[in-house]
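From a predicted model like this one, the values you see are computed outputs, not experimental measurements. Values below: every heavy atom of this structure, side chains too, minus hydrogens, waters and symmetry copies.
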Amino acid sequence: DSKWFIPPVDSYLNDREYFDLIPTPISFHEIRNKYNKSDCREFREFERDIRLCFSNAMVYNPPHHAVHKAAQRLNMNFTDLLSEFKSEQINIAAKSVRRMTNDPSARSLVDLYQIK
């Protein structure tokens, strides 16, 4: 399914209509390059770029088209994986806070960031 989303969009689409319809074309290749070159690695921006890639494919291709269907499947898989990842990160952070709360040397740091 992912083969449609890897190469740069302009390398296989010479359709002017695509670029008129899709204001921000993006592919996995471009996303990878963006984050390899950048010092800024905001996870929300990465998530937005991935979703934009799939959204672009679904906007441009009709629902019965293979690319549209692949974008739907991959977007659902991405959502599931992202949910698992975020849940794991929350659990790790919660364990760290519990450990820090019990560690007298870290107590002032916990107090500083405690949610009120």
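- The shortest heavy-atom contact between Ala57 and Ala71 is CB-CB, 3.8 Å.
- Closest heavy-atom contact between His68 and Pro62: CB-O, 3.2 Å.
- Between the CZ atom in Phe5 and the CD1 atom in Ile26 there is a gap of 13.0 Å [rounded to 0.5 Å].
- Considering only heavy atoms from C-beta on, Thr79 comes within 4.5 Å of Arg51 through its side chain.
- For the atom pair CZ (Arg32) and CD (Glu30), the distance works out to 11.0 Å, reported to the nearest 0.5 Å.
- Under a hydrophobic clustering in which Ile, Leu, Val, Met, Phe, Trp and Tyr are joined whenever their side-chain heavy atoms come within less than 4.5 Å, directly or via other members, Met76 and Trp4 fall into different clusters.
- Ser27 and Ile6 make their closest contact through OG-O, 3.5 Å (heavy atoms, listed as atom of the first residue, atom of the second, distance).
- Under the 4.5 Å side-chain criterion, counting only non-hydrogen atoms from C-beta, Val9 is in contact with Phe19.
- Rounding to the nearest 0.5 Å places CG of Leu82 at 5.0 Å from CZ of Phe43.
- Taking CZ of Phe78 as the reference point, atom CD1 of Ile50 lies at 5.5 Å (rounded to 0.5 Å).
- Note that OH of Tyr35 and CD of Glu45 are 4.0 Å apart. Values are rounded to the nearest 0.5 Å.
- Here the closest heavy-atom approach between residue Met58 and residue Asn75 is recorded as CE-ND2, 4.4 Å.
- A distance of 10.5 Å separates CZ of Phe46 from NZ of Lys34, quoted to the nearest 0.5 Å.
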